[in-house]
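By convention in this document, chain letters (A, B, ...) are assigned in the order of the sequence lines, proteins followed by strands, and residues within each chain are numbered from 1.
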Protein chains: 4
Amino acid sequence: MKMAETGTPAKDQTGREPKTARGEATRRAILGAAEKVIGRQGFNEASIGSITREAGVAQGTFYIYFSSKDEVFSELVAEMGRMLRHVISEATGGMADRLEAEREGLRAFLTFVASHPELYRIVQEAQFVDPDAYRAYFRTFAEGYRQGLAEAAEAGAIRPGDADVRAWALMGIARALGEYSVVFGDTTPIDEVVDIAHDLIVDGLRKRS
Amino acid sequence: MKMAETGTPAKDQTGREPKTARGEATRRAILGAAEKVIGRQGFNEASIGSITREAGVAQGTFYIYFSSKDEVFSELVAEMGRMLRHVISEATGGMADRLEAEREGLRAFLTFVASHPELYRIVQEAQFVDPDAYRAYFRTFAEGYRQGLAEAAEAGAIRPGDADVRAWALMGIARALGEYSVVFGDTTPIDEVVDIAHDLIVDGLRKRS
Amino acid sequence: MKMAETGTPAKDQTGREPKTARGEATRRAILGAAEKVIGRQGFNEASIGSITREAGVAQGTFYIYFSSKDEVFSELVAEMGRMLRHVISEATGGMADRLEAEREGLRAFLTFVASHPELYRIVQEAQFVDPDAYRAYFRTFAEGYRQGLAEAAEAGAIRPGDADVRAWALMGIARALGEYSVVFGDTTPIDEVVDIAHDLIVDGLRKRS
Amino acid sequence: MKMAETGTPAKDQTGREPKTARGEATRRAILGAAEKVIGRQGFNEASIGSITREAGVAQGTFYIYFSSKDEVFSELVAEMGRMLRHVISEATGGMADRLEAEREGLRAFLTFVASHPELYRIVQEAQFVDPDAYRAYFRTFAEGYRQGLAEAAEAGAIRPGDADVRAWALMGIARALGEYSVVFGDTTPIDEVVDIAHDLIVDGLRKRS
DNA sequence: AATGAATGAGAGTTCATTCAT
DNA sequence: GATGAATGAACTCTCATTCAT
């Protein structure tokens, strides 16, 4: 399974880095406000004004640290990717059993998403606002996943099969279940969802004879 | 697994229905242009002006048939849902073997998505533009899916398991693989992808002893 | 005397042409208001708002006919060039005596400038706002001038000498005297100024023996 | 020939004079940077930020030495006037022959302008940014010129004629030829241009019988 | 039914200037 | 003396929507 080439994006000149503690604090305040406001209202409804109001600074201050609305957004997406990868690797790091890692990774993902619903929204919207960031986000995930599956298959820990497609399929399960709870407001306890899905992932649909 | 309540919206219906053949043609032209333009540029970048230009009519004409930009969009989403359900039920209708239906449904979905990439984009964006339409779209799908799985499990054709979560998980696989090809530009032949994913769905990851 | 090449400018897509009489009237109203306001306040002080207020239309209307503030400006400069060339060729057209044509051209120029002081300002400012338009404006003038001088020299009607440099020098005299009255508010009657300058142009400074 | 009255402005002087050598150096750095940046980008495009960046100091530092953007500009214009008058009087000082002085003054002017093209731009733009400074600049020049011509005429060294209009006309020639090379990029050697123009100035266009 | 001119609110962004450190 | 963070007014431009013809 091969990927079509995607140009590596040339980043715009970023708003300059703060040089003092005060500046650093302001920058973080804006970033936090952006997460909150964009997560709540969506990228297009969230105006720079609403973000800076939330952050308690003047509108012009925004442009000291970010060169555009798009730029904060991209930064947000990148940050979320880091956070999520961190959470998942914490949960599965060093697990010998691949199938168990699968279960714990799913649980960690769903737990994180449930407590950061805005995050979910922001990443989804990135598809339209900053396609490059969106693709980078999932590519990074998929690649890690693929490696894990490929090694497990090689080691004979799971059935053989194309690791690439499998990685995307399994990610699809996680995303769909995350959406199920965040967007559709399902209230089934996470642990139950994890068990049901894990059973499907591990044994599939086929009836054993 | 219970759903949180979601209010069913009362649709505005200011856009008049066409009364002549000429009117009907104009309406279709606008709808088609909207699909093309919104699919290409996204909802927010697509202006009424770009849609009517594509359709070859004056801007004012738009408002004869649709009461707002949101309205065309919702209509588009609904139409795509109908088309997709049609395609899938054509492909799987009357199949006795549930597992084979699973395979054919996936194949039909991926084939359709590959030939209507804008569709994919529009449905995804609905999440932000018209959340109600988005939820309705997936609820309808999920419900059909759930029923199929529940019946198959009851009939002993597949292993038992919560049909609701399974439906979402399997939809997640289909969506992820569709995105894999449309958004990420993967070029693996659909039939291969279908086989690999179907194998996973049917037998899971576990190694047989 | 050779000119360095200057790229012929690729015009921006102009705001679309009006299709009805009403539109045409609006467009002219905006253009007239722009001349007035920019001539009075200068390009940078003149805001789109002040122009449309003067024209009695909404701000958005401006962008139906012009794609930017720069664009109206360029159009203004071009129009003024046409007007001025028209006035001068009316005054000198068909004159057999080159030296007399010189006098009448100067008089026509100064008379026109005195009654259109904004014009003067706009053309000068073009140097900074739209250098291409500025250069085109003077190149066109200079070329016509140069030809007239070259022919007169060839015909033996005036002393021989490089027509190019002479054309620029004589244009410089006209501009300086125009500025003298418009910018510096000198009140000497035009006819006197013309006579004095013409005497200089024709006979120079040297004392005859 | 009379001049309309022009109010002599009372300059603000908030920008403090430097009191240390370090301060003096900083002030010169800002002034030099302003000349460069404004000459290159024009007054309106040149921001305080771009000037201080070029000067290598912080933005706030600017306001220690200058009270506003307009102020640096005015100072620049005044300085250029001083430099130019210096250069010209160096070149013509003590010349007995008025006609030769005319030639050498023109040469000095064109030479200076060719090596300081930003200067040309700055003075021109002063017309819009600081009309008072602009008028003062030319009035000072014109007055000196007028006196020279008046004395020469009185002494019988040149033909009689209104010194005021002549001064403006001759200045116009110099400016036009300067612009010819700086703005229009003409590449004819200065000495040639000087000779051709000087011939025109001295003997005019008329054919001798 | 169709046109296209007109509207005006609102968005993102820039920048001269001020001020605490 | 120098810094750089912060301000907020002002500007250009876009676009969904309305309406007279």
Starting from the 5' end of DNA chain F, give me the residue, D/P18 or A/G56, whose nearest nucleotide shows up first.
D/P18
Does D/E35 have any side-chain hydrogen bond (donor to acceptor under 3.5 Å, both in side chains) partners at least two apart in sequence or in another chain, and if so, which?
none
Suppose we screen for salt bridge (Lys or Arg N to Asp or Glu O under 4.0 Å). Which residues come up paired with A/R22, at least two apart in sequence or across chains?
none
Chain A vs DNA chain F, heavy-atom contacts under 4.0 Å, first-to-last nucleotide span, 5' to 3', is F/dG4 to F/dG8
Could you spell out the base pairing of DNA chain E in dot-bracket, with Watson-Crick or G-U pairs whose two distances are under 3.5 Å, [ ] crossing and | to another strand?
.||||||||||||||||||||
Nearest atoms (heavy-atom pairs only) where C/I51 meets C/A33
O-CB, 3.4 Å
With DNA chain F as reference, determine whether A/R22 or D/G23 sits nearer its 5' end, using the nearest nucleotide of each.
D/G23
With sequence neighbours left out, write down each residue that passes ring pair (Phe, Tyr, Trp, His ring centres under 6.0 Å) with A/F128, or none if nothing qualifies.
none
Do any pairs count as a salt bridge (Lys or Arg N to Asp or Glu O under 4.0 Å) and have a residue in residues 118-128 of chain A, sequence neighbours left out, and if so which ones?
none
Of all pairs that satisfy ring-ring contact (aromatic ring centres under 6.0 Å, His included), the ones with a partner from residues 22-42 of chain C, not counting sequence neighbours
none
Can you name the residues that form a side-chain hydrogen bond (donor to acceptor under 3.5 Å, both in side chains) with D/K36, not counting sequence neighbours?
D/E54
Determine which pairs satisfy salt bridge (Lys or Arg N to Asp or Glu O under 4.0 Å) with at least one residue from residues 55-70 of chain B, sequence neighbours left out, and list them in order.
none
Anything under 3.5 Å between a protein N or O and an N or O of nucleotides 8-12 of chain E, put it in a table, one pair a line.
from	atom 1	to	atom 2	distance (Å)
E/dG12	OP1	A/K69	NZ	2.9
E/dG12	OP2	A/I48	N	3.1

Residues two or more places apart in sequence or in another chain: which of them pass salt bridge (Lys or Arg N to Asp or Glu O under 4.0 Å) with D/R53?
none
For A/S47, what residues pass the side-chain hydrogen bond (donor to acceptor under 3.5 Å, both in side chains) criterion, not counting sequence neighbours?
A/S50
Spacing of A/I51 atom CD1 relative to E/dT13 atom C1', expressed in whole Å:
14 Å
